[in-house]
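One structure is given below, encoded as structure tokens.
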Amino acid sequence: MDTSDIEGDLSSILLTEEQIHAKIAEVARQVEIDYAGREPLLVGVLKGAVMVMADFARELRIAAPMDWMAVSSYGSGTKSSGVVRILKDLDADLHGRDVIIVEDIIDSGLTLSWLLANLRGRGAASVEIFALLRKPEAAAVEVDVKYAGFDIPNEFVVGYGLDYAEKYRNLRAIGILAPHVYS
Ligand code: IMP
Ligand code: MG
């Protein structure tokens with residue numbers, strides 16, 4: 001759906017579909033150079049990364065198999081605690097593989113820093129991160145994001161895979177959720 005379909009639910013449009021696709025193409029060109037002659041395994045984190053993964057994988061002009069993980073972070077409210085539980089694990093054996101974690105957003109960075117350590121512990125040759133969005137707080141935790149799409153303000157955003165109570169994932173653009181929706 002488009003922003004016009006949920007008029008009133010967004011306080012503003014942050015990134016259009018065109019801006020998102022241009023950025024994904026830019027990152028894909030860099031990844032093609034960095035991984036020339038190799039076949040990186042794209043690891044998507046469900047469910048938020050579904051849209052980024054679908055567009056990024058198709059944009060790549062090199063072979064890049066996909067695998068998926070689902071994790072849930074323990075914690076009260078909307079802030080993650082850094083304690084992560086695996087709900088669905090990877091199918092692939094990571095031994096000797098070059099892994100690129102594909103994520104929708106890095107907020108506190110706690111989930112990704114846990115994931116990074118976990119995947120590195122499985123004998124992968126390399127593990128890097130592509131996060132489409134990054135919030136300023138992410139800087140507070142030492143997470144080395146090799147491919148960062150957009151640095152965005154510290155607002156709750158939805159669309160392009162990102163949800164509020166499972167809604168808005170199928171919005172093409174990314175927008176800032178209007179406070180009246182969640183208050
Ligand atoms: P963190 O980096 O451990 O704080 O957790 C990041 C996760 O929180 C992301 O993978 C999203 O699922 C969720 N999240 C963080 N910020 C937002 C947002 O603005 N909108 C929707 N989900 C978000
Ligand atoms: Mg996520």
Side-chain angles (χ1 to χ4, degrees), residues 1 3 5-6 8-17 19-20 23-24 27 42-57 66-90 99-121 127-183:
M1 59 190 187
T3 48
D5 299 314
I6 52 159
D9 288 7
L10 300 180
S11 52
S12 68
I13 298 168
L14 193 61
L15 296 163
T16 63
E17 193 180 10
Q19 288 174 302
I20 296 166
K23 180 63 79 177
I24 285 177
V27 173
L42 307 180
V43 169
V45 185
L46 294 169
K47 305 170 190 167
V50 165
M51 306 301 175
V52 196
M53 179 70 114
D55 285 335
F56 179 60
M66 292 175 224
D67 204 346
W68 299 92
M69 257 180 111
V71 298
S72 103
S73 66
Y74 290 108
S76 51
T78 53
K79 285 285 163 194
S80 64
S81 61
V83 183
V84 176
R85 187 163 54 109
I86 295 174
L87 303 177
K88 187 235 170 277
D89 207 346
L90 298 172
V99 174
I100 302 175
I101 299 172
V102 176
E103 255 289 36
D104 48 356
I105 190 166
I106 172 165
D107 183 4
S108 72
L110 290 167
T111 308
L112 266 181
S113 61
W114 181 90
L115 203 57
L116 203 55
N118 182 281
L119 299 191
R120 283 191 173 136
V127 186
E128 301 292 355
I129 296 169
F130 167 30
L132 182 67
L133 307 176
R134 181 167 60 183
K135 287 191 188 176
E137 271 182 44
V141 196
E142 282 301 310
V143 190
D144 187 13
V145 181
K146 180 144 187 192
Y147 308 101
F150 300 95
D151 284 312
I152 64 165
N154 202 10
E155 306 269 9
F156 196 83
V157 295
V158 294
Y160 200 70
L162 292 150
D163 74 307
Y164 171 67
E166 295 299 324
K167 266 183 84 176
Y168 310 111
R169 289 195 200 274
N170 62 328
L171 175 65
R172 292 177 188 276
I174 293 173
I176 296 172
L177 194 61
H180 75 81
V181 178
Y182 54 85
S183 58

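Model, not experiment: these values are computed from the prediction. Numbering of ligands and ligand atoms starts at 1, following listing order. Index from 1, following the sequence.
Within the 4.5 Å cutoff, the side chain of Met69 has heavy atoms near those of the Asp89 side chain. With contacts defined as side-chain heavy-atom distances shorter than 4.5 Å, the pair Leu112/Glu103 qualifies. Side-chain contact between Val181 and Tyr168 is present, with heavy atoms from C-beta onward closer than 4.5 Å.
Ligand 1 has at least one atom lying under 4.0 Å from a heavy atom of Asp163.
Only the side chain of Asp104 comes within 4.0 Å of ligand 1, counting heavy atoms alone; its backbone N, CA, C and O stay farther away. The proximity of Glu155 to ligand 1, defined as any non-hydrogen pair under 4.0 Å, is limited to the backbone.
For ligand 1, the atoms closer than 4.0 angstrom to any heavy atom of Lys135 are 16 (N), 17 (C), 18 (C), 19 (O). Distances below 4.0 Å separate heavy atoms of Glu103 from the following atoms of ligand 1: 10 (O). Listed by number with element, the atoms of ligand 1 under 4.0 angstrom from any heavy atom of Leu110 are 2 (O), 3 (O). Within ligand 1, the atoms closer than 4.0 Å to a non-hydrogen atom of Thr111 are 1 (P), 3 (O), 5 (O), numbered from 1 in the order shown. Near Leu162, meaning under 4.0 Å from any of its heavy atoms, are these atoms of ligand 1: 21 (C), 22 (N).
Comparing Ile105, Leu177, Val157 by heavy-atom distance to atom 20 (N) of ligand 1, the nearest is Val157. The closest non-hydrogen atom to atom 4 (O) of ligand 1, taken over Ala49, Pro153, Ser108, Ser72, comes from Ser108.
In terms of N/O distances under 3.5 Å, ligand 1 is approached by Gly109.
Qualifying salt bridge (charged side-chain N to carboxylate O under 4.0 Å, His left out) partners for Arg172, counting only residues two or more places apart in sequence or in other chains: Asp2, Glu17. Take Asp55 and apply the side-chain hydrogen bond (donor to acceptor under 3.5 Å, both in side chains) test, not counting sequence neighbours, and it matches His21, Arg58, Tyr160.
For the residue pair Asp9/Tyr164, the side-chain donor-acceptor check at 3.5 Å is not satisfied.
Between the CD1 atom in Ile174 and the OG atom in Ser12 there is a gap of 12.0 Å [rounded to 0.5 Å].
Considering all non-hydrogen atoms of both residues, Asp144 and Ile129 come closest at O-CD1, 4.1 Å.
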